[in-house]
Visitor: 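Structure provided below as structure tokens; questions to follow.
Worth knowing before you read on, the calculation uses all heavy atoms, side chains too, and leaves out hydrogens, waters and symmetry mates. Keep in mind that what you see is a predicted model, and the values were worked out from it rather than measured.
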Amino acid sequence: MTHYFSRVQLIARPRDSEWLRDLARHGEAYRDHALVWRLFPGDGLPRDFIFRSTVDNNGKACYFVVSKRAPQIDPELFQVQSKPYRPRLAAGEWLRFDLRANPTVSRRQEGRSSQRHDVLMDAKRSLSKERNMREAMDRVAKDWLLKRAADWGLELRGESLLQDNYQQHRLRRKGHPIEFSSLDYQGLARVQDGERLQQALLDGVGHGKGFGCGLLLVKRVN
């Protein structure tokens, strides 16, 4: 099945300003979610895309999108560059990767089903006696990624790993509150399994995909 990789830039028009501000009142993550959905109309269809939000050099909202359908372009709202996406990477190749993830851990409480918790906040509670809490939380966040990389067909070079831009998001969708966190990772990795990596690139990794997490971006290192 052919997928598509798109770079989408939001065109801010004066008559759209109030509408965009209204979306943002529900949280920036909700705004991004709603905007990207406009590229893939179809009532009742399941989400078949993943995306990552960023800003361009002019400070305007920009999105990278991987989708199973070609985006339906609204030229009055978006500038879109799209192309077929068929990633083929062989075992042994070195890559530079960039990932915005929703790092979570499942905890079971007595009498209740297991629930997902923010990895960093979970560490803050469970490692409260650590002298350097910042280092402890960074270590837990790094371990979260290292433990999952093999499932995505990657072997990470641990010393190259950078993590920043930790955010806690609170938004409302259809009247219901949603809370999740995001953390950006960058670093070097070697391909272990090309098929697993292809699946991770096309389908995304982890949770929070509907709100801009899970899109794995890679670039070959020459």
Side-chain angles (χ1 to χ4, degrees), residues 3 5-8 10 23-40 45-55 61-69 71 85 97-108 113-125 137-138 140-154 156 161-187 189 196-218:
H3 285 64
F5 187 96
S6 306
R7 183 183 184 277
V8 180
L10 178 65
L23 286 178
R25 290 189 187 105
H26 299 277
E28 287 192 8
Y30 178 87
R31 179 204 63 186
D32 295 337
H33 166 90
L35 285 172
V36 177
W37 263 111
R38 291 179 68 92
L39 296 164
F40 305 97
L45 290 178
R47 180 184 53 77
D48 53 3
F49 61 86
I50 50 177
F51 73 96
R52 165 81 177 268
S53 65
T54 184
V55 294
C62 182
Y63 306 95
F64 295 109
V65 185
V66 172
S67 59
K68 294 181 180 179
R69 291 179 279 160
Y85 186 47
F97 73 89
D98 195 328
L99 171 68
R100 176 165 296 157
N102 168 222
T104 63
V105 61
S106 293
R107 299 294 187 205
R108 183 182 295 276
S113 59
S114 61
Q115 293 183 322
R116 292 198 303 269
H117 298 274
D118 177 334
V119 162
L120 279 81
M121 291 299 99
D122 182 77
K124 189 173 183 179
R125 288 189 295 268
M137 293 170 68
D138 286 347
V140 169
K142 180 178 180 180
D143 288 345
W144 179 91
L145 187 69
L146 292 172
K147 289 177 180 177
R148 287 158 178 77
D151 292 337
W152 310 334
L154 292 174
L156 304 189
L161 185 59
L162 300 174
Q163 51 197 39
D164 62 5
N165 195 30
Y166 171 68
Q167 295 186 58
Q168 294 178 321
H169 305 269
R170 295 176 176 83
L171 55 124
R172 299 189 67 83
R173 183 186 179 195
K174 297 181 180 179
H176 299 289
I178 298 175
E179 296 184 6
F180 71 99
S181 63
S182 64
L183 181 64
D184 293 350
Y185 294 95
Q186 301 88 29
R196 285 191 177 188
L197 178 57
Q198 182 187 56
Q199 182 177 356
L201 292 171
L202 295 177
D203 297 339
V205 300
H207 299 284
K209 296 176 187 176
F211 294 103
C213 297
L215 175 56
L216 180 61
L217 301 169
V218 299

Visitor: Are there over 12 heavy-atom neighbours, none belonging to K209, within less than 6.0 Å of that residue's NZ?
Guide: yes
Visitor: For W144, does its backbone N or O pair with a side-chain atom of R148 as donor and acceptor, under 3.5 Å?
Guide: yes
Visitor: Do N102 and F211 have side-chain heavy atoms sitting under 4.5 Å apart?
Guide: no
Visitor: Working note: V105 + D118, criterion side-chain contact (heavy atoms from CB on, under 4.5 Å); need CA distance, chi angles, decisive distance, verdict.
Guide: CA-CA 7 Å; V105 61; D118 177 334; over 6 Å; no
Visitor: Do you know which two heavy atoms are closest between H33 and G210, and how far apart they sit?
Guide: ND1-O, 2.8 Å
Visitor: What pair of heavy atoms forms the shortest contact from S181 to C213, and how long is it?
Guide: O-SG, 4.5 Å
Visitor: Could you walk me through whether V36 and V8 satisfy the side-chain contact (heavy atoms from CB on, under 4.5 Å) test, starting with their C-alpha distance in whole Å, then the side-chain angles of each, then the deciding distance to 0.1 Å, before giving a yes or no?
Guide: CA-CA 9 Å; V36 177; V8 180; over 6 Å; no
Visitor: Check step by step if side-chain contact (heavy atoms from CB on, under 4.5 Å) holds for L201 and V66.
Guide: CA-CA 8 Å; L201 292 171; V66 172; over 6 Å; no
Visitor: Is the backbone N or O of R196 less than 3.5 Å from a side-chain atom of W152, with the two atoms forming a donor-acceptor pair by type?
Guide: no
Visitor: Report the C-alpha distance between L39 and Y63 in whole Å, list the side-chain angles of each, state the deciding distance to 0.1 Å, and finish with yes or no for side-chain contact (heavy atoms from CB on, under 4.5 Å).
Guide: CA-CA 11 Å; L39 296 164; Y63 306 95; over 6 Å; no
Visitor: Between H169 and S182, is any side-chain donor less than 3.5 angstrom from a side-chain acceptor?
Guide: yes
Visitor: Do M121 and Q168 have side-chain heavy atoms sitting under 4.5 Å apart?
Guide: yes
Visitor: With heavy-atom distances below 4.5 Å as the criterion, would you say the side chains of L162 and Y185 are in contact?
Guide: no
Visitor: Would you say the side chain of L99 lies within less than 4.5 Å of the side chain of V205, judging by non-hydrogen atoms?
Guide: yes
Visitor: Please examine the side chains of D143 and L145, heavy atoms only from C-beta on, and report whether any two atoms are closer than 4.5 Å.
Guide: no
Visitor: Not counting sequence neighbours, which residues clear ring pair (Phe, Tyr, Trp, His ring centres under 6.0 Å) with F49? List them please.
Guide: W37, F40
Visitor: Give the minimum heavy-atom separation between M137 and L120, together with the two atoms involved.
Guide: CE-O, 3.5 Å
Visitor: Taking side chain as C-beta onward, heavy atoms only, is L171 less than 4.5 Å from F180?
Guide: yes
Visitor: Test ring pair (Phe, Tyr, Trp, His ring centres under 6.0 Å) on F64 and F51; report intermediate values, then the result.
Guide: CA-CA 5 Å; F64 295 109; F51 73 96; over 10 Å; no
Visitor: D48 pairs by side-chain hydrogen bond (donor to acceptor under 3.5 Å, both in side chains) with which of R69, H3, K68?
Guide: R69
Visitor: Quick check: do D203 and I50 have side-chain heavy atoms less than 4.5 Å from each other?
Guide: no
Visitor: Going by the side chain to side chain contact (heavy atoms under 4.5 Å, CB included) test, name the single residue among L216, L217, L197 that passes it with F97.
Guide: L216
Visitor: What's the separation between atom CG in L146 and atom CG in L161, rounded to the nearest 0.5 Å?
Guide: 6.0 Å
Visitor: Could you tell me whether the side chains of N165 and Q167 share a donor-acceptor contact shorter than 3.5 Å?
Guide: yes
Visitor: Kindly write out the residues that satisfy salt bridge (charged side-chain N to carboxylate O under 4.0 Å, His left out) with D98, not counting sequence neighbours, or none if the list is empty.
Guide: R52
Visitor: Does a side-chain heavy-atom distance below 4.5 Å link D138 with Q163?
Guide: yes
Visitor: Is it the case that atom CD in Q199 sees more than 12 heavy atoms from other parts of the structure closer than 6.0 Å?
Guide: no
Visitor: Step through the shown structure and confirm whether more than 12 heavy atoms of other residues, nucleotides or ligands are within 6.0 Å of CD on E28.
Guide: no
